[in-house]
Amino acid sequence: MFNNMNKLGRNDPCWCGSGKKYKKCHLGKDNDRELCSEAPVDDGSFYVVSPSIKKGNVTPMRVVPVNIPHPIYATTGKGEGKGRKQTILNDAELAIMRETCRAARRVLEKGLAAVKPGITTDEIDLVVHEACIAEGAYPSPLNYHGFPKSVCVSVNEVICHGIPDDSPLREGDIVNVDVTIYLNGFHGDCSETVAVGAINNGSQALIDTTRECLNIGISAAKPGNRIRDIGRAIQVHAHNHGYSVVQAYCGHGIGKTFHADPVIPHFYDRKERGKIKPGMIFTIEPMISMGEWDHKVWDDGWTAVTIDNKRSAQFENTILITEDGAEILTKL
């Protein structure tokens with residue numbers, strides 16, 4: 001269930017930070033969880049296996065007015081090139097980055113407000129697309145490596161990169177809306193998972209714990225710590241609540257490019273030795289699942305779903321590392 005079993009040897013320090021060897025601490029518990037992914041239930045519905053999400057019909061790409069600046073990939077359908085090195089922004093650039101990130105949050109709030117039973121994920125895409133244009137911004141996902149929509153909308157067992165289509169949301173679903181915008185030469189990225197109408201206690205607990213994981217990860221993002229400390233803090237909290245941490249998708253540097261260094265794992269990876277330094281800007285976006293941490297990808301090349309169809313949630317903010325800790329850029 002937890003990838004630290006593959007990363008750690010029996011005599012390595014345990015991922016939880018106890019100071020004990022792995023074999024003397026969490027090895028047995030992790031093996032138990034691998035054999036039985038279901039923890040004790042609270043109301044008979046803590047672990048939810050929904051009817052599998054089905055692929056719907058995807059409408060053509062929406063158009064962004066030519067007067068709005070486009071990133072380089074908007075016309076090529078490719079990425080941003082090979083350069084992933086992040087540059088430290090000066091004060092003037094930081095002021096622009098802050099406004100871009102606040103605008104991203106405003107767009108996200110409009111997308112979340114549209115969530116209700118019966119609305120299609122494509123209709124949410126339209127809301128987000130129009131909100132981006134109202135901000136004078138380009139929706140960053142649109143045509144990034146060919147992604148066909150302006151926002152990622154991920155429902156129930158979809159971990160991330162859900163492509164909006166004509167499928168309607170149902171009462172009891174949970175849905176993540178992941179917004180990134182390109183404004184004044186900078187990208188800002190944020191997401192939240194919310195309920196569709198009334199949901200069961202298990203789904204609400206998943207949402208609450210995932211939000212807590214984000215906040216705990218942000219608290220660990222401070223000068224003097226290493227990047228792996230972020231993942232350690234998230235994994236400990238998720239593990240203590242009976243959840244797993246998706247490992248295939250990580251946080252990332254962001255700014256003048258959509259994706260840059262550093263890579264931010266949300267699980268403890270002892271090989272990740274990068275130091276956290278003032279001036280860094282990156283996302284923290286833990287994806288927390290009810291069952292197994294592993295995933296599979298649909299044949300569309302984007303939609304990542306849990307291997308066991310159990311629900312997954314995600315929360316994300318873009319942060320700036322300061323001398324004192326982390327400033328959350330994507331908040332109003």
Side-chain angles (χ1 to χ4, degrees), residues 1-4 6-7 15 33 37 47-50 53 108 112 121 141 147 151-163 173-180 189-195 202-218 220-221 227-228 230-254 259 262-269 272 282-298 301-319 330:
M1 185 176 190
F2 295 99
N3 197 48
N4 49 281
N6 298 324
K7 297 282 185 182
W15 59 266
R33 289 176 182 274
S37 63
Y47 283 92
V48 181
V49 179
S50 307
I53 299 298
L108 176 61
L112 296 174
T121 54
F147 190 81
V151 65
C152 298
V153 183
S154 302
V155 183
N156 294 343
E157 74 265 23
V158 180
I159 297 167
C160 61
H161 301 160
I163 298 175
D173 287 341
I174 63 173
V175 59
N176 176 269
V177 180
D178 189 348
V179 165
T180 313
D189 194 356
C190 51
S191 83
E192 288 192 14
T193 299
V194 295
S203 294
Q204 188 61 57
L206 173 66
I207 290 174
D208 293 344
T209 302
T210 306
R211 183 188 294 108
E212 293 164 4
C213 283
L214 171 62
N215 293 333
I216 288 168
I218 291 173
I227 288 172
R228 67 187 183 193
I230 298 170
R232 185 203 301 267
I234 290 169
Q235 188 170 23
V236 167
H237 191 69
H239 180 276
N240 287 342
H241 286 76
Y243 300 116
S244 65
V245 181
V246 174
Q247 292 148 31
Y249 301 98
C250 301
H252 53 89
I254 189 170
H259 294 93
V263 173
I264 311 295
H266 301 119
F267 62 99
Y268 178 60
D269 183 353
E272 175 50 73
F282 52 80
T283 69
I284 301 178
E285 46 187 296
M287 288 147 270
I288 308 300
S289 296
M290 286 181 165
E292 299 294 329
W293 59 264
D294 207 355
H295 78 290
K296 56 188 175 184
V297 178
W298 285 2
W302 286 103
T303 307
V305 298
T306 58
I307 201 74
D308 51 15
N309 282 349
K310 291 179 180 177
R311 292 186 171 188
S312 187
Q314 179 187 19
F315 282 79
E316 175 183 15
N317 273 315
T318 298
I319 66 169
T330 44

Any donor-acceptor pair under 3.5 Å from [X] side chain to [Y] backbone:
X: T303; Y: G162; answer: no
X: H266; Y: V246; answer: no
X: E285; Y: Q314; answer: no

Measure across [X] and [Y] and return the closest heavy-atom pair with its distance rounded to 0.1 Å.
X: D173; Y: R311; value: CA-NH2, 4.0 Å
X: G291; Y: S244; value: O-OG, 2.7 Å
X: I207; Y: A195; value: CD1-N, 4.2 Å
X: G217; Y: I234; value: CA-CG1, 3.8 Å
X: F315; Y: T193; value: CZ-O, 3.4 Å
X: V245; Y: Q235; value: CG2-CA, 4.0 Å

- request: Please check if any side-chain donor atom of D189 sits under 3.5 Å from a side-chain acceptor atom of T318, or the reverse.
  value: no
message: I need the single residue from T306, L206, N309, D308 that forms a side-chain contact (heavy atoms from CB on, under 4.5 Å) with M290. Which is it?
response: L206
Could you grab the distance from atom [atom1] of [X] to atom [atom2] of [Y], nearest 0.5 Å is fine?
X: C250; Y: M287; atom1: SG; atom2: CE; result: 7.0 Å
X: I319; Y: I218; atom1: CD1; atom2: CD1; result: 6.0 Å
X: I163; Y: W302; atom1: CD1; atom2: CH2; result: 8.0 Å
X: H259; Y: T283; atom1: NE2; atom2: OG1; result: 7.0 Å

- request: Identify which one of F147, W298, Y249 satisfies the ring-ring contact (aromatic ring centres under 6.0 Å, His included) criterion when paired with H161.
  value: Y249
task: For the pair H241 and H237, name the ring-plane relationship: parallel under 30°, tilted 30 to 60°, perpendicular over 60°.
output: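 Geometry flag for H237 against H241: tilted rings.
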